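The block underneath contains the structure these notes are about, expressed in structure tokens.
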Amino acid sequence: MLIILVKIVLALAWLLTLALLMTWVERKESAVIQDRIGANRASILGLRLFGLFQPIADAIKMVFKEDFEPSFTRRFLHALSPFLSFFCVAVTIAAIPFGPPVRLGGRMITLQVADLDAGLPFVLAMLSLGIYGIVLSGWASNNKFALLGGMRGAAQLFSYEVALGFSLVGLVLVYPSLRMSRIVEFQGGLLLGFLPKWGIVLQPLGFIIFFIAALAETKRVPFDLPEGESEIIGFYAEYSGLKWGLFMLTDFLEVIIVACLAVTFFFGGWQVPWLEPGGFRFPWGGEWVLGGRLVVAFQVLAFHIKIGLFCGFQVLIRWTYPRLRYDQLMDLGWKVLIPLGFFNLLGTGLLVSLWK
Amino acid sequence: MRIWGYLVEIIRGILIIARSFLINMFFHTVAFFGLRPRRPGAVTIQYPEKRKELAGRHRSRHRLTRRENGLPRCVACLLCVTVCPSECIRVEAAEDPDPEIQKRPMRFSIDLGRCCFCGFCVEACPEDAIRMDTGIIELAETRREAFEYGLEDLLR
């Protein structure tokens, strides 16, 4: 019980810290792309550290801003929706395995908050529930533009939920279990003796569909119709202060969660190629014996590096593409991704049935 | 098919952005380790610490020049007052004991709150008494009256 509590606290702290870091990464990466420098003035005792304290300054500012509620809103729902949208995303972290089970003080501890039997559907379900936060905020704001944003968000998320589901059904066919830890363990095997059995190798098309659909789920720039900063202010038009900050934070949490999911499903989770519990065993015949603890450290580190790369890649995408038009968005979802998902599912099913 | 062209452009786009990120990041890293990169990673100039060099003919805050004996060169001919399009220069003349000079400014003030930094006063001056080459470009005050620069301020 205590262990579970500690795990929850640690995982949440990890997620929130990473989300704060993401705001910094977003600012800096976009700055470097655009020949700028980016926020670098926030300092503690003259220490600047490339503006690494800027997220803290932003957070402090956000906390002390006035939390203004317009008189025409539904007060309870208005206050509820940011928490709802935050919760539904943050709870997903419970299903992500950070590393292999560790023996600590005579106990096996899984580096995962909850190793659910149905980890994959749980993640999907929670990501879908995130819609409620958006629709509710749009509705409770009692503002035309917020409502427009909320409706757009609902339409977009529902559409891409289908594609997301289809891309993962292919995985379900390939993987032996819906349990996240089992999925990652399975990806530690080798294909043809040298290729790591990662999801990207088994389901390349599935990965592309998953990634595009997941990007749409994050509601960030190429797919930011619910927000649409330049046309409608979006579903959080009537929010200020910390509640608005919570929506912003949710965006970054989603980026991290999508990175986590992409890594867990398609890039081997905490698996390092050719690293077994005893150490590295390379297919070309070399061997590098490592202690058990060191192997775990390697694997956890690998998980973080993969997540970092994916987060960076998502920021890159966000600063490259312009926003899709509404009909283009729907076309991409219903006419491209879902047929591709069908195709992928069909191909996977055929191959799997022929293989067995 | 149009979709293929679209796909190609999508991929090209992200490659271009990634390239510019990597190149800039490379130059940033090189500069961080104290080496001199071929060009800086960003075009930004970190203003209060580093300054851009002003152009040779940049018109900054005015100054009044002096003679060898330290008196202002100005002979209070009022040409600058006449030419000034924003009417921000005020000169009150007084008699100079030197018969060669005859007139000197008793008061000379420029209201920098009105000045449009056109430089006409500098061109009009027959005595080369006023110049705009101080390089002072940070002119901010909290009160309007503080923009009134007098003879002593301008001679400094």
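From a predicted model like this one, the values you see are computed outputs, not experimental measurements. Here is the naming used below: chain letters follow the sequence lines, and residue numbers restart at 1 for every chain.
Atom CD1 of B:Ile17 sits about 12.0 Å away from atom CZ of A:Arg318, to the nearest 0.5 Å. The OG1 atom of A:Thr320 lies 12.5 Å from the CD1 atom of B:Ile11; values are rounded to the nearest 0.5 Å.
Enclosure of atom CD in B:Gln46 by more than 12 non-hydrogen atoms of other residues, nucleotides or ligands within 6.0 angstrom is indicated. Within a 6.0 Å radius of CD in B:Glu145, more than 12 heavy atoms belonging to other residues, nucleotides or ligands are found. Residue B:Phe117 qualifies as enclosed at atom CZ: its count of foreign heavy atoms under 6.0 Å is above 12. Other residues, nucleotides and ligands place no more than 12 heavy atoms under 6.0 Å from the CZ atom of B:Arg19. Within a 6.0 Å sphere centred on CZ of B:Arg107, heavy atoms belonging to other residues, nucleotides or ligands number 12 at most. Annotation: B:Glu68, atom CD; neighbour count of heavy atoms from other residues, nucleotides and ligands within 6.0 Å does not exceed 12. Within a 6.0 Å radius of CD in B:Glu95, no more than 12 heavy atoms belonging to other residues, nucleotides or ligands are found. Atom CZ of A:Phe64 has 12 or fewer heavy atoms from other residues, nucleotides or ligands within 6.0 Å.
Top candidate by heavy-atom pairs under 4.5 Å with chain B, chosen from A:Leu316, A:Val336, A:Asn40, A:Ile317, is A:Leu316.
With a 4.5 Å cut-off on non-hydrogen atoms, B:Glu9 does not touch chain A at all. Contacts of B:Ile10 with chain A are made by both backbone and side-chain atoms, with heavy-atom separations under 4.5 Å.
Using non-hydrogen atoms only and a strict 4.5 Å limit, the part of residues 23-37 of chain B facing chain A consists of B:Asn24, B:Met25, B:His28, B:Phe32.
When all heavy atoms are compared, the tightest approach of B:Thr44 to A:Arg36 is OG1-CA, 3.6 Å. The minimum heavy-atom distance between B:Ala42 and A:Ile37, with the atom names listed, is CB-CG1, 3.6 Å.
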